[in-house]
Amino acid sequence: MNSIPAFLKEWLPLILTTAIAIFSIAFSYKAQIKGIRKESRIKEIEALKKQLNNFYYPFLLLSRQNTNIYNIFALKQKEEDSNFRTLTYLLQGKTFDPPDTLFLEQILRNDAKLDCLILGEASLVTNDDVRKKLSDASTHYTLIKMVHEKTLISDSAEYSRYIHPNDLLSIIENEVTQIEERIKVLREKI
């Protein structure tokens, strides 16, 4: 006695073939989606690395160097005035002693490089708040250069609001940390 009904014998190969085809399509689709996601993550990692290598790391290096030089340069001035700011000091028509002038000139050379980074690579910065801070810093770099070169002579009240944003370095460091963490998360998902 045959336990499989006749109609099932006729349809069983078709049903099995259809089930295998559906399984194959689903498996293939899942593999394609996984491949697309992997490729997308790889592209995002590359874009993030470009941000770090072309903007953030060079900016951090120059900013930290400027901070170190400034801490040497401004030590004497901060002893006399704890609120000392170089731009305000220069806007008041004051000048520095020769050793301090050398420090200031190195800071200004670094400022010029930082400004070039901002103007040339700011499109890599995706955070609007960071771009605003960079714009403020760029304005400061321009003004302090003009005041130092005596192409801008004015009272301190008008331009003193363009002092260097002291929190810029920590903001950039935070952005670097966030980008590096994002890269780490993406690599774990590849």
Could you grab the distance from atom CD1 of Ile42 to atom NZ of Lys189, nearest 0.5 Å is fine? 14.5 Å
Report the distance from atom CG of Asn66 to atom CG of Leu169, rounding to the nearest 0.5 Å. 10.0 Å
Looking only at heavy atoms, which two atoms of His164 and His140 are closest? And how far apart? N-ND1, 3.3 Å
Near-ring test Tyr70/Phe103, centroid separation under 6.0 angstrom: no
Taking Asn174 for its side chain and Ser170 for its backbone only, find out whether a donor-acceptor pair lies under 3.5 Å. no
Ser24 side-chain N/O to Ile20 backbone N/O, donor-acceptor pair under 3.5 Å: yes
Set out, in order, the CA-CA distance, both residues' side-chain angles and the distance that settles side chain to side chain contact (heavy atoms under 4.5 Å, CB included) for Tyr56 and Val125, then state yes or no. CA-CA 9 Å; Tyr56 286 104; Val125 178; 3.5 Å; yes
With a 3.5 Å distance limit and no angle check, can you tell me whether Thr67 reaches the backbone of Ser63 through a side-chain donor-acceptor pair? yes
Working to the nearest 0.5 Å, report the span between CG of Leu52 and CD of Glu175. 10.0 Å
Please check this pair: side chain of Ser138 against backbone of Asp115, looking for a donor-acceptor N/O pair closer than 3.5 Å. no
Donor-acceptor pair, Ser160 side chain versus Thr88 backbone, under 3.5 Å? no
What's the shortest heavy-atom distance between Leu168 and Lys133, and which atoms? CD1-CB, 3.7 Å
Yes or no on side chain to side chain contact (heavy atoms under 4.5 Å, CB included) for Glu79 and Leu75, after CA distance, side-chain angles and deciding distance? CA-CA 6 Å; Glu79 286 175 1; Leu75 185 63; 4.2 Å; yes
Remaining members of the apolar cluster that contains Leu12, side-chain heavy atoms under 4.5 Å: Leu16
In terms of the angle between their ring planes, are Phe59 and Phe55 parallel, tilted or perpendicular, with boundaries placed at 30° and 60°? parallel
Let me check something: do Leu102 and Val147 share a hydrophobic cluster, defined by ILVMFWY side-chain heavy atoms less than 4.5 Å apart, either directly or through other members? no
Quick one about Gln77 and Asp81 (side-chain donor to acceptor, distance below 3.5 Å, no hydrogens or angles considered), yes or no? no
If only atom types and distance count, is the side chain of Thr17 paired as donor or acceptor with the main-chain N or O of Pro13 below 3.5 Å? yes
Walk me through whether Thr126 and Gln51 qualify under side chain to side chain contact (heavy atoms under 4.5 Å, CB included). CA-CA 9 Å; Thr126 58; Gln51 288 177 341; 3.4 Å; yes
When you measure from the side chain of Tyr141 to the backbone of Leu114, do you find a donor-acceptor pair of N or O atoms at a distance under 3.5 Å? no
CG (Asn71) and NZ (Lys78) are apart, to the nearest 0.5 Å, by 8.0 Å
Check the pair Asp136, Lys132 against salt bridge (charged side-chain N to carboxylate O under 4.0 Å, His left out), reporting the backbone distance first and the verdict last. CA-CA 6 Å; Asp136 293 346; Lys132 168 70 173 93; 2.7 Å; yes
Verify the cluster assignment for Leu62 and Ile179: are they in a single hydrophobic cluster under the rule of side-chain heavy atoms below 4.5 Å apart? yes
For a side chain to side chain contact (heavy atoms under 4.5 Å, CB included) check, start with the C-alpha distance between Leu104 and Leu90, then their side-chain angles and the critical distance, and finish with the verdict. CA-CA 11 Å; Leu104 176 61; Leu90 291 171; 4.2 Å; yes
ILVMFWY network linking Phe84 to Tyr162, side-chain heavy atoms under 4.5 angstrom: yes
List, one per line, each side-chain donor-acceptor pair under 3.5 Å for residues 180-187, sequence neighbours excluded.
unit_1, atom_1, unit_2, atom_2, d
Glu180, OE2, Tyr57, OH, 2.5
Arg182, NE, Glu44, OE2, 2.8
Arg182, NH2, Glu44, OE1, 3.1
Arg182, NH2, Glu44, OE2, 3.2

Once you round to the nearest 0.5 Å, how far does CG of Leu134 lie from CD1 of Ile171? 8.5 Å
Step-by-step salt bridge (charged side-chain N to carboxylate O under 4.0 Å, His left out) determination, Lys50 to Glu46: CA-CA 6 Å; Lys50 183 177 180 183; Glu46 289 171 1; over 6 Å; no
Same cluster or not: are Ile172 and Ile107 linked, directly or through other Ile, Leu, Val, Met, Phe, Trp or Tyr residues, by side-chain heavy atoms under 4.5 angstrom apart? no
Can you tell me if CZ on Arg131 sees more than 12 non-hydrogen neighbours from other groups inside 6.0 Å? yes
For Asp97 and Pro99, indicate whether the former's side chain and the latter's backbone hold a donor-acceptor pair under 3.5 Å. no
Side chains of Arg64 and Glu173: does their closest heavy-atom pair fall under 4.5 Å? yes
Salt bridge or not between Asp111 and Lys145? Use side-chain N to carboxylate O under 4.0 Å. no
Please report the closest heavy-atom contact between Ile190 and Lys38, naming both atoms and the distance. CG2-CE, 3.4 Å
How long is the span from the CG atom in Leu87 to the OG1 atom in Thr139, to the nearest 0.5 Å? 11.0 Å
